[in-house]
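See below for the structure under consideration.
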Amino acid sequence: MGRIQLDHITKRFGDAVAVEDVTLDVEDSEFLVLVGPSGCGKSTTLRMIAGLETPTEGNLYIDGDHMNYRVPQNRDIAMVFQDYALYPHMTIRENVRFGLEEEEGYTPDEMDARVEEIAADLGIESLLDRKPGELSGGQQQRVALGRAIVRDPEVFLMDEPLANLDAKLRAQMRSELQNLQEDLDVTTVYVTHNQTEAMTMGDRIAVLNDGRLQQVGEPLELYHEPANQFVAGFIGEPMMNFLSGHRSEDGFAGDYLEYPFDERLEAAVGDVDDLVLGIRPEAIDVRRAEDATTQLGEHEFSMTVTVAETHGNQNVVHLTHADATDEHDVLQAVTDGMHVVEPGDSVVVTLDPDSIHIFDGTSGDALRNRRLETERELTQV
Ligand code: ATP
């Protein structure tokens, strides 16, 4: 058990609105990632679930029980923060055991046994008699986790728990945390501003911006079918390309590019005039100009490479118009790392209508997302 429901929750600090009218249902055993840029209200939302802040409006329930005014100790939750907050004068054993001190029903021997069990789960058995100062950052974070899970809570709340770790350890801890959460089967709300963490860890992701919930969905749903331009730009690395423009007679007329619509794009856009065309860098086809037929198709464009970032497995290629007089990049594309690309190269770029997203330039709402034959495209590996 451990279902969390936020029902039209708003939190104000004086006149400032930190969280605005958020309704969110986290299912029992689910791993939900709360993601968004700095200051969007992630921590405040988590702190309300924990009982460290009280909602200004709306209702919060855990397992159907009203929580707004219940103190943290009575919510059966455990929290893990970015700073490990271990007691420096206590051994690791004492630190982990501390998580159990307030629990009823454990004899001292049972507590010791439980600490050993959790230490084995986390691979920190050999560290139990050391002090926190003698541990690396990753080891300290494991101990902080141990202290949280030792009580076997209904709900885990984690606020950027991996932020202090280096990239390699972070990736390792990511998968360890996921495995642990699956084994323990505990409802988890995990706050991060890192979209990679959100994509790789969450059963579902809730995207916040400016205190408002933008979209809740499974990682691939957010990637392929973003509800609006904000989500489209936030999820995915490198970021989706956006081109601003207007409706023209046969499609889209942007500052840097004209793009004819096919029937499906036409139907999706209707009579909206102010448009933003979106396409993911990895959905753009780039080939050398000399390999191309001389006649360009209607969705093909002659471009010049301005910057080529080589990552080994892939290149991130910055592109501008072949006849551009300034250096303004029009698009970024991801290409196969085995193909050498250099600044100044002439290329032909294809923007397939099936991969095009279109957003209302005024509201930011998605008018059309890339056509995804979900079953076929996502199951054929
Ligand atoms: P970050 O990723 O930088 O931690 P966040 O998404 O977690 O950001 P919050 O910490 O929830 O954002 O803050 C949301 C907004 O509420 C911010 O504008 C912040 O300045 C404001 N805020 C948070 N706590 C308080 C407080 N105690 N008093 C006044 N304003 C606050």
Side-chain angles (χ1 to χ4, degrees), residues 4-26 31-60 62 67-72 75 77-85 137 140-141 144-145 148 155-167 170-171 173-174 177 187-202 204-217 219 222 226-237 239 364:
I4 307 166
Q5 290 164 286
L6 279 72
D7 179 23
H8 295 286
I9 294 274
T10 293
K11 177 67 186 178
R12 287 191 210 98
F13 294 103
D15 289 340
V17 184
V19 174
E20 189 168 0
D21 197 23
V22 167
T23 293
L24 181 63
D25 198 340
V26 190
F31 196 129
L32 182 106
V33 177
L34 211 51
V35 72
S38 185
C40 71
K42 306 178 294 288
S43 296
T44 305
T45 304
L46 201 74
R47 290 170 60 80
M48 285 192 281
I49 300 172
L52 301 172
E53 300 284 357
T54 308
T56 315
E57 284 167 30
N59 293 299
L60 177 78
I62 297 180
M67 288 287 146
N68 284 35
Y69 306 107
R70 192 177 291 190
V71 294
R75 293 190 182 202
I77 48 159
M79 286 196 80
V80 184
F81 297 99
Q82 178 174 340
D83 59 6
Y84 324 119
Q140 290 190 42
Q141 189 54 278
L145 271 176
V155 171
F156 269 151
L157 303 176
M158 304 197 188
D159 196 345
E160 305 255 9
L162 309 183
N164 286 346
L165 306 180
D166 67 45
R170 217 180 147 111
M173 285 295 283
R174 258 197 326 246
L177 254 182
T187 312
T188 303
V189 182
Y190 185 103
V191 160
T192 179
H193 63 272
N194 179 319
Q195 69 91 30
T196 310
E197 236 164 72
M199 283 297 282
T200 51
M201 295 182 84
R204 285 190 309 155
I205 303 173
V207 183
L208 278 175
N209 187 32
D210 262 348
R212 290 198 207 106
L213 191 59
Q214 305 292 309
Q215 187 172 7
V216 191
L222 266 57
N228 57 37
Q229 193 182 340
F230 179 81
V231 175
F234 196 80
I235 300 287
E237 174 72 32
M239 186 176 146

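Order of appearance sets the numbers: ligands from 1, and atoms from 1 within every ligand. We use all heavy atoms of the structure for the numbers below, so side chains are in, but hydrogens, waters and symmetry mates are not.
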Those protein residues which place at least one heavy atom below 4.0 Å from ligand 1: Phe13, Ala18, Pro37, Ser38, Gly39, Cys40, Gly41, Lys42, Ser43, Thr44

Partner set under salt bridge (charged side-chain N to carboxylate O under 4.0 Å, His left out) for Arg204, not counting sequence neighbours: Glu30

Test side-chain hydrogen bond (donor to acceptor under 3.5 Å, both in side chains) applied to Gln229 - qualifying residues, sequence neighbours left out: none

Short side-chain to backbone donor-acceptor contact, Lys11 and Thr54, under 3.5 Å: yes

Residue Arg212 excluded, over 12 heavy atoms near CZ under 6.0 Å: no

Main-chain N/O of Arg70 paired to Arg75 side chain as donor or acceptor, under 3.5 Å: yes

Qualifying salt bridge (charged side-chain N to carboxylate O under 4.0 Å, His left out) pairs with a residue from residues 189-201, counting only residues at least two apart or across chains: Arg170-Glu197

